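Just so you know, residue 1 is the first one in the sequence shown, and it goes up from there. Keep in mind it's a predicted model, so treat the numbers as computed, not measured.
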Amino acid sequence: MLDRNKRIKPRPERFQNCKDLFDLILTCEERVYDQVVEDLNSREQETCQPVHVINVDIQDNHEEATLGAFLICELCQCIQHTEDMENEIEELLQEFEEKSGRTFLHTVCFY
């Protein structure tokens, strides 16, 4: 996994240093999800723009990473095609949980 990461990432990235605004943030490990939520909640709210933070727990091996990538890709495509993400995301996540047999963590934070 480290060799693959070295090829696709120029250096380690820290979300805490990123000041971009997002509509959706996906994490693949509960520990990272907790850190992202903690960081967003510690920032001063300026715009009150919502950001959905979703965790899809993926074990750190090639097989799980591949399956997780397809699941996340499909989830993103479904979210992209919703007419009203704010009102449809809970139902969509519930459908994906049933379909995949995984439990997703989800919260809304604000910028």
Side-chain angles (χ1 to χ4, degrees):
M1 295 295 289
L2 289 175
D3 289 334
R4 180 191 64 88
N5 287 347
K6 287 179 187 177
R7 287 193 315 271
I8 63 173
K9 295 181 182 180
R11 65 189 172 286
E13 300 172 86
R14 285 183 38 93
F15 174 79
Q16 295 87 338
N17 296 338
C18 180
K19 300 304 175 200
D20 296 334
L21 302 182
F22 301 97
D23 296 323
L24 175 68
I25 298 171
L26 291 158
T27 63
C28 298
E29 186 178 338
E30 188 172 350
R31 176 185 60 80
V32 176
Y33 170 87
D34 291 340
Q35 290 174 341
V36 168
V37 171
E38 181 180 337
D39 180 70
L40 289 169
N41 286 334
S42 71
R43 295 181 186 188
E44 185 175 330
Q45 290 184 357
E46 297 175 3
T47 66
C48 292
Q49 174 187 331
V51 55
H52 292 266
V53 184
I54 299 172
N55 184 69
V56 180
D57 213 28
I58 298 174
Q59 294 176 6
D60 199 9
N61 63 55
H62 290 292
E63 183 179 343
E64 279 292 313
T66 301
L67 294 173
F70 283 111
L71 180 64
I72 289 171
C73 184
E74 185 179 354
L75 176 61
C76 288
Q77 289 172 339
C78 288
I79 290 172
Q80 185 176 13
H81 290 104
T82 61
E83 291 187 26
D84 184 0
M85 181 176 76
E86 299 298 323
N87 290 321
E88 297 177 40
I89 197 161
E90 287 293 334
E91 185 177 327
L92 184 63
L93 288 174
Q94 188 173 19
E95 289 174 14
F96 267 82
E97 284 181 342
E98 291 170 4
K99 178 181 176 181
S100 68
R102 298 174 187 249
T103 302
F104 299 160
L105 298 175
H106 171 242
T107 193
V108 179
C109 297
F110 297 89
Y111 287 111

> How many angstroms lie between CD in E95 and OG in S100, if you round to the nearest 0.5 Å?
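Spacing of CD (E95) from OG (S100) equals 11.5 Å.
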> Before giving the answer on side-chain contact (heavy atoms from CB on, under 4.5 Å), spell out for N55 and V32 the whole-Å C-alpha distance, their side-chain angles and the decisive distance to 0.1 Å.
CA-CA 9 Å; N55 184 69; V32 176; 5.9 Å; no
> Using a 4.5 Å cut-off on heavy atoms from C-beta on, say whether the side chain of D60 contacts that of C28.
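No. Closest side-chain heavy atoms not under 4.5 Å.
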> Would you indicate whether the side-chain heavy atoms of I79 and E88 approach each other to under 4.5 Å?
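A side-chain contact under 4.5 Å is absent here.
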> When rounded to the nearest 0.5 angstrom, what distance separates CG in L26 from CD1 in I72?
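Rounded to the nearest 0.5 Å, the CG-CD1 separation comes out at 6.0 Å.
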> Please output the side-chain donor-acceptor pairs of residues 104-111 that fall under 3.5 Å, not counting sequence neighbours, one pair per line with the distance.
| from | atom 1 | to | atom 2 | distance (Å) |
| --- | --- | --- | --- | --- |
| H106 | ND1 | E90 | OE2 | 2.8 |
| H106 | NE2 | H52 | ND1 | 2.8 |
| Y111 | OH | F22 | N | 3.1 |

> May I ask you to test the L24-V51 pair for a side-chain heavy-atom distance under 4.5 Å?
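A side-chain contact is absent here, since even the closest heavy-atom pair is not under 4.5 Å.
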> Just to verify, what does E74 make a side-chain hydrogen bond (donor to acceptor under 3.5 Å, both in side chains) with, not counting sequence neighbours?
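For E74 the side-chain hydrogen bond (donor to acceptor under 3.5 Å, both in side chains) partners, ignoring immediate neighbours, are K99.
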> So L71 and L75, do their side chains get closer than 4.5 Å, heavy atoms only?
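No, their side chains stay 4.5 Å or more apart.
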> Taking the side chain as C-beta and beyond, is there a heavy-atom pair between E29 and I58 under 4.5 Å?
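Of all side-chain heavy-atom pairs linking I58 with E29, none is under 4.5 Å.
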> To the nearest 0.5 Å, tell me how far E30 CD sits from T103 OG1.
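Separation between the atoms: 10.5 Å.
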> Not counting sequence neighbours, list each pair that qualifies as a salt bridge (charged side-chain N to carboxylate O under 4.0 Å, His left out) and has a residue in residues 33-56.
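Every pair satisfying salt bridge (charged side-chain N to carboxylate O under 4.0 Å, His left out) with a residue in residues 33-56: D39-R43.
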> Which heavy atom in L67 sits nearest to a heavy atom in R102, and how many Å separate them?
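L67 and R102 have their closest heavy atoms at CB-NH2, 4.5 Å.
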> Is it true that M85 and L21 fall in one hydrophobic cluster, defined by side-chain heavy atoms closer than 4.5 Å?
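No, no single cluster joins them.
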> Once you round to the nearest 0.5 Å, how far does CG of D23 lie from CD of Q80?
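Atom-to-atom, D23:CG and Q80:CD are 11.0 Å apart.
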> Take I54 and Y33, measure what side-chain contact (heavy atoms from CB on, under 4.5 Å) needs, and give me the verdict at the end.
CA-CA 7 Å; I54 299 172; Y33 170 87; 5.9 Å; no
> Could you grab the distance from atom CD1 of I89 to atom SG of C78, nearest 0.5 Å is fine?
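Interatomic distance, I89 CD1 to C78 SG, rounded to 0.5 Å: 11.0 Å.
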